[in-house]
Colleague: 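Quick one: the structure is below, questions incoming.
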Amino acid sequence: MATEQRKPLPFIANFAAGAIAGVSEILTFYPLDVVKTRMQLETGKAKHGMVGTFTSIIREEGMGRLYRGLVPPLLLEAPKRAVKFAANDFWGKAYMGLSGESKMTQQLSILTGCSAGATESFIVVPFELVKIKLQDKTSTFAGPMDVVKQVIRKEGILGLYAGMEATFWRHFWWNGGYFGCIHQVRGMLPKAETQQAQLFNNFVSGSVGGFVGTAINTPFDVVKSRIQGASKVPGVVPKYNWTYPALVTIMREEGAAALYKGFMPKVLRLAPGGGVLLLVVEFTLGVFRKALGPPYV
């Protein structure tokens, strides 16, 4: 059966493939996320680059610190990535139906990715907040549940959703760049005649998508880290509150380069990480197709 005619896999298959891919990616690249967060939380002129931050963490706090805060994103990664790819599949079908297109176009792939990112953002906020609190150098929390208890006690249950708006924009722009580039790069690569060539194409297109998505969304990630890393003081308006005004504040006080703090560890994680995500997703979906047989193959 031709690829264009095969029956789309059920939602649960896309969900499971995204979950497996997400866990694979985070176990491989997590220390870079810790370094990235540390660089983003540092206000003023950066004292260390990526390598300096990495070595200072190991020297001053020990190797284990590079994995502090791993539990929340690890618990989150399966549902987060599952939602990302399942939502991308859902919105892609919906927009194709609304537009009357029989195949995905560049414009639809960007719109689909942005919508998938917006959907994903609502899931991730509490987990991201806990992760940021634990990754901060000044953190005194005993662990994930201690963060949750203290935030709820001081700020109420909605305190776990601090940075919701910034998280929305971070995921909105990253997914738009990621999935939009995947569609474009796949069309530019030689047609894959073997499974190995197909996996290579997936890795390349996913890596390019990861790079572009990261280049677009890093300023929003810096703002999100600042908002979620701050402690609220009763009666005092937070310095970083809403995303776009915060972007202006950081640029005015620290320069435009500050909006890209943590970019190097972030892109080193999410460019190959984006490739790993897509490679594992497509490989897992291929396994599901073979297991289910016609008409999915």
Side-chain angles (χ1 to χ4, degrees), residues 18 22 25-26 29-30 32-34 36-41 69-88 91 112-136 144 147-148 151-152 155-179 210 212-232 238-250 258-263 265-267 269-270 273-274 277:
E25 186 271 338
I26 198 168
F29 296 103
Y30 185 76
L32 288 168
D33 188 66
V34 176
K36 179 264 299 184
T37 300
R38 287 292 184 86
M39 294 174 72
Q40 291 180 342
L41 290 175
L70 174 63
V71 173
L74 193 59
L75 291 174
L76 165 67
E77 203 62 23
K80 179 174 103 173
R81 301 304 188 187
V83 168
K84 177 197 294 290
F85 285 95
N88 189 69
W91 289 114
T112 296
C114 289
S115 300
T119 305
E120 177 189 26
S121 69
F122 290 98
I123 309 279
V124 308
V125 181
F127 295 89
E128 281 285 321
L129 182 132
V130 171
K131 180 190 72 132
I132 295 294
K133 297 287 190 188
L134 290 173
Q135 288 180 345
D136 190 349
V147 177
V148 173
V151 169
I152 292 176
E155 304 170 33
I157 192 72
L158 291 180
L160 293 173
Y161 281 84
M164 173 70 238
E165 183 241 4
T167 303
F168 173 91
W169 290 117
R170 182 183 82 150
H171 288 266
F172 180 91
W173 292 119
W174 194 88
N175 282 272
Y178 180 65
F179 287 109
V212 173
T214 301
I216 293 171
N217 95 325
T218 295
F220 302 94
D221 194 32
V222 172
V223 170
K224 184 194 77 69
S225 293
R226 297 281 180 93
I227 291 173
Q228 293 185 325
S231 297
K232 288 190 176 180
K239 182 176 183 179
Y240 307 110
N241 201 0
W242 297 99
T243 302
Y244 290 95
L247 290 172
V248 175
T249 298
I250 294 172
L259 295 175
Y260 279 86
K261 282 186 174 181
F263 176 75
K266 182 177 170 71
V267 81
R269 176 193 172 188
L270 292 177
L277 274 177

Colleague: As an exercise, state the distance from OH of Y161 to CD of E155, rounded to the nearest 0.5 Å.
Modeller: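 Spacing of OH (Y161) from CD (E155) equals 14.5 Å.
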Colleague: Keeping the roles fixed (side chain from D221, backbone from N217), state whether a donor-acceptor pair exists under 3.5 Å.
Modeller: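 No, the answer is negative, given that no donor and acceptor are paired below the 3.5 Å cut-off.
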Colleague: Who passes side chain to side chain donor-acceptor pair (under 3.5 Å) against T214, sequence neighbours left out?
Modeller: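 Here the qualifying residues are W174.
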Colleague: Quick one: CZ on F172 to OG1 on T119, what's the gap to the nearest 0.5 Å?
Modeller: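 These two atoms lie 10.5 Å from each other.
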Colleague: What heavy-atom pair brings A118 and F168 nearest, and what distance separates the two atoms?
Modeller: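 Distance-wise, the nearest heavy atoms are CB-CE1, 3.4 Å.
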Colleague: Can you give me the closest heavy-atom contact between G113 and F179, atom names plus distance?
Modeller: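 Heavy-atom minimum between the residues: CA-CD1, 3.8 Å.
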Colleague: Under 4.5 Å between any side-chain heavy atoms of I132 and K224, yes or no?
Modeller: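 A side-chain contact under 4.5 Å exists here.
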Colleague: Return the minimal non-hydrogen interatomic distance between A166 and V223, and the atom names on each side.
Modeller: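 In this case the closest contact between A166 and V223 is CB-CG1, 4.3 Å.
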Colleague: How long is the gap from CD1 on I250 to OH on Y240, to the nearest 0.5 Å?
Modeller: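 If we round to the nearest 0.5 Å, I250:CD1 and Y240:OH are 5.0 Å apart.
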Colleague: For the CZ atom of R226 and the OG1 atom of T243, what is their distance to the nearest 0.5 Å?
Modeller: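 The distance works out to 13.5 Å.
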Colleague: Can you confirm whether V147 sits close enough to L134 that some side-chain heavy atom of one is under 4.5 Å from a side-chain heavy atom of the other?
Modeller: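 When only atoms from C-beta onward are counted, L134 and V147 do touch, with a gap below 4.5 Å.
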Colleague: Who are the side chain to side chain donor-acceptor pair (under 3.5 Å) partners of T218, not counting sequence neighbours?
Modeller: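 T218 satisfies side chain to side chain donor-acceptor pair (under 3.5 Å) with no other residue.
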Colleague: For the CE atom of M164 and the CG atom of L129, what is their distance to the nearest 0.5 Å?
Modeller: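 If we round to the nearest 0.5 Å, M164:CE and L129:CG are 12.0 Å apart.
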Colleague: Between CE of M39 and OG of S225, what distance do you get to the nearest 0.5 Å?
Modeller: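 M39 atom CE to S225 atom OG measures 12.0 Å (nearest 0.5 Å).
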Colleague: So W169 and F220, would you call those rings parallel, tilted or perpendicular, with 30° and 60° as cut-offs?
Modeller: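 Rings of W169 and F220: tilted, as their planes differ by 30° to 60°.
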Colleague: Ignoring hydrogens and geometry, is there a side-chain-to-backbone donor-acceptor pair from Q228 to A162 under 3.5 Å?
Modeller: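 Yes: the side chain of Q228 pairs with the backbone of A162.
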